[in-house]
Number of protein chains: 2
Amino acid sequence: MAISEAEAVVMDVLWRKAPRTAEEILAEVGPAQDWQEGTVKSLLNRLLRKKAVHAERDGRRYLYTPLLTREQYVQQESKGLLDRLFGGRVAPLVAHFSEQRKLSKKDVSELRKLLQELDDEQH
Amino acid sequence: MAISEAEAVVMDVLWRKAPRTAEEILAEVGPAQDWQEGTVKSLLNRLLRKKAVHAERDGRRYLYTPLLTREQYVQQESKGLLDRLFGGRVAPLVAHFSEQRKLSKKDVSELRKLLQELDDEQH
DNA sequence: ATGTTATGTTTACACGCGTAAATGATCGCG
DNA sequence: CGCGATCATTTACGCGTGTAAACATAACAT
């Protein structure tokens, strides 16, 4: 089952640093998200059920660690979008952003470098 | 309110050709999706409520036309993903697919061409 | 004018999500 | 040992979604 958006926010905290307690997660995410403690606990439990995080008892509390990696998550999400909207091909996606003037100078130079590197690898 | 995935399937049919009747939509989408007539009708009604399509009476039936354009939809969806996962920047997204070996030869050559064109425009 | 057919509209229902209150378990202190 | 504090688990609730059955309505044929 898929990770929801709110759940992903919690994962994000764990991806930055793990393991963490529920309290730490709340501290990091509460202000921005304006969530109560119960909300974070629920999200953690759903993530446990989905096997996206692991909980290890540490005295009276639990330490949460991500099982699903950020790579895996990003992979799923972006492949889904790519397939649904761009026939699974990357170039049309970039073209889309290009038309939308969403390519910064930095993007362009990085893309250039990336293509260069692919060239080099290509022996 | 956002267009859901099932709703987007209906939109897709209309983007390919419009206006269309509910029956035509069902004919096009039913086999692949294995949907009943009622399902398509419901989706159309929700799209109406969301002002994503317009319905015009034509005798005993309605002709449905998209109001939301494919461009707009693609725009929303892909910007969302870009912001959530790649800090709103395109290059990291492409880098991601590159690492994942998801760049076909065709992608690479098209990207090269794209960058070339951007260069040319650049006066 | 009426029944049958073709359409559209309403209602339904289970499930996931966002959010949180209520409840339960556990630890430390007195 | 019993109480309060601290966590975690369970339960709840409204909302959107996916799916569809039930119901209403309008058009056509007889």
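Just so we're on the same page: letters track the sequence lines, and every chain starts at 1.
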Worksheet item: Which pairs, with at least one residue in residues 1-56 of chain B and sequence neighbours excluded, count as a ring pair (Phe, Tyr, Trp, His ring centres under 6.0 Å)?
Response: B/Trp15-B/Tyr73
Discussion item. Is it the case that the side chain of A/Asp119 and the backbone of A/Leu115 share a donor-acceptor pair, with hydrogens and angles ignored and the cut-off at 3.5 Å?
Written reply: no
Item to complete: Could you say whether A/Ile3 or A/Gln36 is positioned toward the 5' end of DNA chain C, judged by the nucleotide with the nearest heavy atom to each?
Response: A/Ile3
Discussion item. Do B/Leu82 and A/Phe97 have side chains that approach each other closer than 4.5 Å (heavy atoms only, starting at C-beta)?
Written reply: yes
Worksheet, complete the sentence: The first and last nucleotides of DNA chain D lying within contact of chain B, meaning any atom under 4.0 Å from one of its heavy atoms, run from D/dG16 to D/dC28
Worksheet item: How many Å lie between CD on B/Glu5 and P on C/dC17, as a whole number?
Response: 13 Å
Worksheet, complete the sentence: Between its two end axes (five pairs each) the helix from C/dA1-D/dT30 to C/dG30-D/dC1 turns, nearest 10 degrees, through 30°
Discussion item. Enumerate the salt bridge (Lys or Arg N to Asp or Glu O under 4.0 Å) contacts for residues 55-73 of chain B, please, sequence neighbours excluded, ordered by first and then second residue.
Written reply: B/Asp12-B/Arg70
Discussion item. Just N and O in the side chain of A/Ser4: are any of them under 4.0 Å from OP1 or OP2 of C/dG16?
Written reply: no
Give me the distances for all protein-to-nucleotides 6-12 of chain C N/O pairs that come in under 3.5 Å?
from  : atom 1 : to      : atom 2 : distance (Å)
C/dT7 : OP1    : B/Arg61 : NH2    : 2.8
C/dG8 : OP1    : B/Tyr62 : N      : 2.7
C/dG8 : N7     : B/Lys41 : NZ     : 3.1
C/dT9 : OP2    : B/Asn45 : OD1    : 3.4

Discussion item. Under 4.0 Å from OP1 or OP2 of C/dT19: is there any side-chain N or O of A/Trp35 that close?
Written reply: yes
Worksheet item: Are any side-chain N or O atoms of A/Ser109 and backbone N or O atoms of A/Lys106, one a donor and one an acceptor, separated by less than 3.5 Å?
Response: yes
Worksheet entry | A/Glu7 side chain vs A/Ser4 backbone, donor-acceptor pair below 3.5 Å | yes
Item to complete: Quick one: list whatever passes side chain to side chain donor-acceptor pair (under 3.5 Å) with B/Glu28, sequence neighbours left out.
Response: B/Arg16, B/Arg20
Worksheet item: Is there a donor-acceptor contact under 3.5 Å from the side chain of A/Lys50 to the main chain of A/Ala2?
Response: yes
Discussion item. Assess, by modelled atom type and distance only, whether the side chains of B/Asp107 and B/Ser104 contain a donor and an acceptor separated by less than 3.5 Å.
Written reply: yes
Worksheet item: How far apart are the closest heavy atoms of A/Leu67 and A/Gln72, and which atoms are they?
Response: O-OE1, 4.0 Å
